[in-house]
Enquirer: 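Just dropping this structure here.
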Amino acid sequence: MSTLTARLTTVEPVEDTRSSTEILQHLDALMRPAATRGRRLATSKERKASPGIVWALRCAVVVVVIGGWQLGTQLGFVNAFFWSSPVLIWQKAITQFTSGTLLSDIGYTLSAAILGFIFGTLIGTVLGLSFWWSKIYLKTAEPFVIMFEAIPKLALAPIIVLVLGLGMQSKVVLATAMVMAVQALNASAGVRTVDRDIVRMMYSLGASRGKVFRSVVIPSTLPWIISGLRVTIGLALAGAIVGEFIGSNHGVGRLIVYAGSTYDIALIWVGVFVLAALSVLLYVIVGYIERRLTHTITD
Amino acid sequence: MSALLETMHDAPAANAGNASGVLEIRGISKSYPDRSAVANRGNAPEIPALLPVDLVAEPGEFVTIVGPSGCGKSTLFSIIAGLEEPSAGQVVIDGVDHTAESGLVGYMLQKDMLLPWRTVLNNVILGLEIQGVPREASVAAARPLLERYGLGKYEHAKPAQLSGGMKQRAALLRTLLFNRQIMLLDEPFGALDAQTRLQMQLWLLDVQATFKKTIVFVTHDIDEAVFLSDRIYVMKGHPGSVAEVIDVDIPRPRTADVAGTPRFVELREHVRRLLMTAEEV
């Protein structure tokens, strides 16, 4: 006790003669006057967003935007040559779906994106997991992986298309590259969080490194990979489309480029809306797969 | 109970021969290179963490190590478990030098370290799985033990669904099913509340009486040390060394009432005084 007071006085040489109660009273005087009543919780009405109202509002936004667009072109506020109009887009979409190549283009783009997604996830996961095996290997490879993650892969698109040609390969490779870099980093982050005490426990039971890898490292890294899936499906789609932009004979990306070069603005919008619908669809499907996988792992 | 013992022996666990479970620690010491001494590289001075320690645990004995934080208890345990190499000395098991060999003793820490994605059953047979015991045999050995120790209804549950005490029981069963004569328990009940802790101590005494394991135990809790042990090694820190070895001559079987007896109080106060002087240094 005496040593404690001695230490305190050396830190704070100014001697404070006030009693503890006086110190607190002093603080009290400095504080804002107590409110007459405390802050109340938000009422249940404010906290709950009824789904009916939310959906009504969403529909209202769509109606206002599309209606305003249509009205604007008819009244001349919006230049229909540059911006097209909802009615023209709708007509174009119907002719494209019934007689054009749009359906096969969608199939082409989807195939490239999904293949790239699968390859990228597999390669990225294997790469990230492999870092567990050697510290030297990890330290050597990691800056390169981070660098590869950081550069915009889309900048590589011209080279990839030149090397692999106008076919689907170049699109798949571009999509793979986008997905792979992210999942490799996810997996290596997962590997880092493996509980070291659990690894020690495994060794104390006489486990080999392979056994630790199979029974501890892989299961504890999987959630990291799974939580990356919803982000990487979007990247895969972007990779496939940019590949088509650079050079392709098929695909929704090529359709958009073609429409742009012929000033067919309505067709561009058809392509854009199709892509929006595709990405939502893929997102929902992957979200479903993600929940199922998480369920099997944790349950 | 004999049926249980038979189940344990029927399981063809890798407990070669009739290992009796004598553990001898001969002059184990550990020092680490001084990281702060950057100036003279290549000739970095070593900082001793653990001065030479001798310790003997006879078959079926319960030996406890108590000491302040940083007295090298956990280092000593890692060395005995073969997870770390000592700077000097030997770990001798049943008369054979097994220094720096893992997989020969059961080892349990304060954290339960149950694998969260495995069921309780699959967690407790992990050691047997690693040792290549067929699954049916492992399950046949594990089921009655889970049943007996109150985890029978939870064999298909995930660790997250268990209470703290149940998790520690599962972790201890995993160590027990690993079927080594020597078990190292590093503060296994440190994170439990007082009530659960007492139950677990009584349970551990029961397990010990049933399976006659050689147990080396680490704790901060003086009452726990006196209550459970046949012998207590009191350690002091910086660097770690053994201050005194105390024989606990309280007869077994022990119940919770032992804690009130004069001999218990006397031993407890003796250990407390030793630890107080150890802390001051």
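Nothing here was measured: the structure is a model prediction, and the numbers come from that model. Here is how names work: the chains are called A, B, and so on, in the same order as the sequence lines, proteins then strands, and each is numbered from 1. Because only heavy atoms are used, hydrogens play no part in the values below, and waters and symmetry mates are left out as well, while side chains stay in.
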Enquirer: Given heavy-atom pairs under 4.5 angstrom as the criterion, report whether the side chain, backbone, both or neither of A:D195 touches chain B.
Expert: side chain

Enquirer: More than 12 heavy atoms of other residues, nucleotides or ligands under 6.0 Å from CG of A:L27: yes or no?
Expert: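 Count over threshold, so yes.
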
Enquirer: Please determine whether the number of non-hydrogen atoms from other residues, nucleotides or ligands lying under 6.0 Å from atom CZ of A:R196 exceeds 12.
Expert: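 It does not: A:R196 CZ has 12 such atoms or fewer within range.
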
Enquirer: Heavy-atom distance under 4.5 Å to chain A: side chain of B:E101, backbone, both or neither?
Expert: neither

Enquirer: Does some side-chain heavy atom of B:R118 sit less than 4.5 Å from a side-chain heavy atom of A:P219?
Expert: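 Sidechains of B:R118 and A:P219: no contact.
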
Enquirer: Answer with side chain, backbone, both or neither: which region of A:S208 has an atom nearer than 4.5 Å to a non-hydrogen atom of chain B?
Expert: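 Neither part.
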
Enquirer: Just checking A:Y283: does its OH atom have more than 12 heavy atoms from other residues, nucleotides or ligands closer to it than 6.0 angstrom?
Expert: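 Result for OH/A:Y283: open.
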
Enquirer: Which bit of B:S78 comes within less than 4.5 Å of chain A, counting heavy atoms only: side chain, backbone, both or neither?
Expert: both

Enquirer: Taking all non-hydrogen atoms of both residues into account, name the closest pair between A:M202 and B:L126 and its distance.
Expert: SD-CD2, 3.5 Å

Enquirer: Under 4.5 Å between any side-chain heavy atoms of B:M113 and A:R200, yes or no?
Expert: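 A side-chain contact under 4.5 Å is absent here.
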
Enquirer: Restricting to non-hydrogen atoms, name the atom on A:L205 and the atom on B:R174 that form the minimum distance, rounded to 0.1 Å.
Expert: CD1-CD, 4.4 Å

Enquirer: May I ask you to check whether over 12 heavy atoms, not counting those of A:F131, lie within 6.0 Å of atom CZ?
Expert: yes

Enquirer: To the nearest 0.5 angstrom, please state how far the CE atom of A:M201 sits from the OG1 atom of B:T175.
Expert: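 Those atoms lie 9.0 Å apart.
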
Enquirer: Rounded to the nearest 0.5 Å, how far apart are OG of A:S215 and CD1 of B:I130?
Expert: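 Taking OG in A:S215 and CD1 in B:I130, the distance rounds to 6.5 Å.
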
